[in-house]
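Note sheet for the following structure.
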Amino acid sequence: MSKSLIFHIDVNSAYLSWEAVYRLQQGDPLDLRTVPSVVGGDPLTRHGIVLAKSIPAKEYNIKTGETLYSALAKCPDLIIAKPNYLLFRQCSEALSLILRDYSPLIQQFSVDEYFLDFTAMDLLFGDPLATAYKIKDRIKNELGFTVNIGISTNKLLAKMASELQKPDQVHTLFPEEIAEKMWPLPVGELFMVGRATTRQLLSRNIKTIGELAHTDPRLLKAIMKSHGLLIWNYAHGLENSPVRPGGRVAVKGMGNSTTTSFDVKNRREAHLVLLSLVETVSARLRHDQYFARLLSISFRTHEFLSYSHQRQLSHATDCTNELWEIACRLFDELWKGQPLRHLGVRASELCQNDFLQFSFFTKDYERDRKVDQAVDIIRQRFGSQAIMRSSYLHSGLKSMTGGVIAEEEYPAMTSLL
DNA sequence: TCTGGGGTCCTAGGACCC
DNA sequence: TCTGGGGTCCTAGGACCC
């Protein structure tokens, strides 16, 4: 049995590269990647954050997630492109088609990241490193954007390898290279060490991944519970999850949320936003043939405080009206009248709806089911805006919110590999 | 702060049961 | 009752990922 060999393929500045390639194809002479530019939303609708940045923009210290306002303050000439999620999905699919030529075992980890199990594939393709270069160059030549490829013996190290130096590079990070290549890095670069954990580690003078690796795991466990042991293992490169073919992990829940373009201040408006979210969530449930047994709602206030409320349902359902009624009740129980900037709905505890179980204690939703089915068919044929409830007319609200990625859902972006 | 949207997992505390 | 202890379920919040 040959040693296990994993590739991690990561698109460089994915959203921005994809938009840049698209514009070049449309005949635009300017390559966005060569100038300070970002992909970001519209500040007027309060969606104004940086989703992706070019390398020249990075040199202005512009960071993903910061406001466009702040990015523009750092670089007044910054070019801002709107996100085109349909394009992004097409690019992601085109990438996966190329990767499939090199292994039957690939896992989509996010819209711009894939794992590829190359174990024993060298018998077919020869040297792994040379093959990785071939894959990288083929993607650049055929699709027009660049990727980083990381190579190691497990997914964690392959992923850390692909982050080493960008763009358009291939790196290895084998266990014997950990001390030299990974331990000098700032501790926050380690997968699963985010802002809160970084702060805790820095307060104990643990600044690099190497210092984390040499910290007593019992201390880490004491201060961070199981997460402490997880990151200690990661600092030593210890991780052994399989590359899941197709990446299809059973989905645990489906949710949609939105930042409203104006503060929601009355119940009627809030209920209308909830309906537009439930419309999308329940259509996704029906499309994938799931019933939900738990419904959660959440909101964020003008002051940026977050609240959530959830309830187990008396019976599983995928019905728009029924889920909407529950969402409204949960909302009314939680809301104290604060102005709101963000609302969310999430359905979880999913089960297959192979057979139906009706409750004797709730009203009959049979008629609603038929309406849902008819509306789904109309929207499928004529688009999501083809039919909407009259309450949305002149409301300034969209009748369906969220779920930009329709049809085929992406596999779970699980926090664990 | 002019601060997105889609996820998963973990933990703490309270209710409830034996 | 001057009130044990363990297990399970539920809920809210917070951590992390892209």
Side-chain angles (χ1 to χ4, degrees), chain A residues 8 10-11 13-15 38-52 63-73 82-83 85 88-89 92 108-114 155-156 159 162-163 188-200 224-231 234 247 249-261 263 277 280-281 284 293-313 330 333-334 341-350 401-406 409-417:
Chain A
H8 179 252
D10 190 335
V11 179
S13 321
Y15 286 1
V38 298
V39 171
D42 182 0
L44 288 178
T45 57
R46 307 201 287 195
H47 286 64
I49 67 159
V50 173
L51 297 165
K63 301 209 165 75
T64 303
E66 82 175 305
T67 60
L68 291 177
Y69 176 85
S70 141
L72 278 167
K82 293 237 178 317
Y85 294 104
F88 300 161
R89 199 181 72 198
S92 184
Q108 181 164 23
F109 188 59
S110 74
V111 70
D112 66 334
E113 285 182 52
Y114 288 87
K155 285 158 72 178
L156 182 269
K159 182 163 166 55
S162 72
E163 315 259 298
E189 309 248 315
L190 185 63
F191 181 67
M192 290 304 287
V193 177
R195 216 180 44 195
T197 308
T198 301
R199 205 181 327 114
Q200 284 208 58
M224 285 177 282
K225 316 284 180 196
S226 62
H227 192 241
L229 292 182
L230 180 83
I231 61 174
Y234 283 4
V249 187
V251 60
K252 299 282 172 59
M254 294 181 177
N256 284 123
S257 64
T258 189
T259 295
T260 48
S261 52
D263 277 350
L277 293 163
T280 319
V281 169
R284 290 170 65 198
R293 273 192 283 242
L294 179 73
L295 191 71
S296 328
I297 63 105
S298 60
F299 56 69
R300 182 141 66 221
T301 66
H302 181 85
E303 273 73 41
F304 241 76
L305 298 170
S306 297
Y307 299 85
S308 67
H309 195 30
Q310 67 180 54
R311 179 162 297 147
Q312 300 271 345
L313 311 183
L330 287 166
E333 286 169 9
L334 186 62
R341 62 158 18 243
H342 179 103
L343 285 107
V345 168
R346 173 162 205 83
S348 48
E349 306 264 295
L350 304 184
T401 303
V404 280
I405 295 164
E409 297 300 328
Y410 284 102
M413 279 200 275
T414 157
S415 58
L416 300 173
L417 296 172

- Note on the structure: Closest heavy-atom pair, A:Met254 versus A:Val281, reported as atoms and distance to 0.1 Å, is O-CG1, 3.7 Å
- Query: For the residue pair A:Ile231 and A:Leu190, what are the closest heavy atoms and their distance?
  - Reply: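 Reported closest heavy-atom pair: O-CD2, 3.6 Å.
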Specify the separation, in whole Å, of atom [atom1] of [X] and atom [atom2] of [N].
X: A:Leu334; N: C:dG13; atom1: CG; atom2: C1'; result: 12 Å
X: A:Tyr15; N: B:dG5; atom1: OH; atom2: C1'; result: 9 Å
X: A:Met224; N: B:dT11; atom1: CE; atom2: P; result: 12 Å
X: A:Phe299; N: B:dG5; atom1: CZ; atom2: P; result: 16 Å
X: A:Glu333; N: C:dT11; atom1: CD; atom2: C1'; result: 13 Å
X: A:Arg89; N: B:dG5; atom1: CZ; atom2: P; result: 19 Å
X: A:Leu230; N: C:dC17; atom1: CG; atom2: C1'; result: 12 Å
X: A:Arg199; N: C:dG14; atom1: CZ; atom2: C1'; result: 12 Å

Can you check whether [X] has a side-chain N or O nearer than 4.0 Å to OP1 or OP2 of [N]?
X: A:Lys159; N: C:dC17; answer: no
X: A:Thr259; N: B:dG5; answer: yes
X: A:His47; N: B:dG5; answer: yes
X: A:His342; N: B:dG5; answer: yes
X: A:Thr197; N: C:dC16; answer: yes
X: A:Asn256; N: B:dG5; answer: no
X: A:Ser257; N: B:dG6; answer: yes
X: A:His309; N: C:dA12; answer: yes

Return yes if some donor-acceptor pair links the side-chain N/O of [X] with the main-chain N/O of [Y] below 3.5 Å, else return no.
X: A:Ser296; Y: A:His309; value: no
X: A:Tyr114; Y: A:Ser92; value: yes
X: A:Arg46; Y: A:Thr260; value: yes

Can you tell me which nucleotide in [options] comes closest to the side chain of [X]?
X: A:Lys252; options: B:dG5, B:dC9, C:dC18; answer: B:dC9
X: A:Ile49; options: C:dC18, B:dG5, B:dT3; answer: B:dT3
X: A:Arg341; options: C:dA15, C:dC17, B:dT3; answer: B:dT3
X: A:His227; options: B:dC10, C:dC16, B:dG5; answer: C:dC16
X: A:Tyr307; options: B:dG5, C:dG13, C:dC18; answer: C:dG13
X: A:Phe191; options: B:dG4, C:dC17, B:dG6; answer: C:dC17
X: A:Thr67; options: B:dT1, B:dG4, C:dC18; answer: B:dT1
X: A:Ser226; options: B:dT8, C:dT11, B:dC10; answer: B:dC10
X: A:Asp112; options: C:dT11, C:dC18, B:dG4; answer: C:dC18
X: A:Ala196; options: B:dT11, C:dC16, C:dC18; answer: C:dC16

Using a heavy-atom cut-off of under 4.0 Å over every strand shown, decide if [X] touches base, sugar-phosphate, or nothing.
X: A:Gln312; value: sugar-phosphate
X: A:Gly253; value: sugar-phosphate
X: A:Phe304; value: base
X: A:Gly41; value: nothing
X: A:Leu68; value: nothing
X: A:Ser70; value: nothing

- Message: One pair to check against side-chain contact (heavy atoms from CB on, under 4.5 Å): A:Glu113 and A:Lys159. What are the steps and the verdict?
- Response: CA-CA 9 Å; A:Glu113 285 182 52; A:Lys159 182 163 166 55; 3.0 Å; yes
- Item | Complementary nucleotide of C:dC18, counting Watson-Crick and G-U pairs under 3.5 Å | B:dG5
- Of A:Val50 and A:Arg195, the one whose closest nucleotide on DNA chain B sits nearer the 5' end is A:Arg195
- Query: For A:Glu303 and A:Arg346, take the nucleotide of DNA chain B holding the closest heavy atom to each; which residue's nucleotide lies nearer the 5' end?
  - Reply: A:Glu303
- Gap between atom CG of A:Asn256 and atom CG of A:Leu343 - 0.5 Å precision: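 Reported to 0.5 Å precision, the distance equals 12.5 Å.
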- Glycosidic torsion of C:dT1 (syn if within 90° of 0, anti otherwise) classifies it as anti
- Query: C1' atom, C:dC17 versus B:dG4: distance in rounded Å?
  - Reply: 15 Å
- Pi-cation contact, A:Tyr85 with A:Arg89 (under 6.0 Å, within 45°):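 The answer is no, since A:Arg89 fails at least one limit relative to A:Tyr85.
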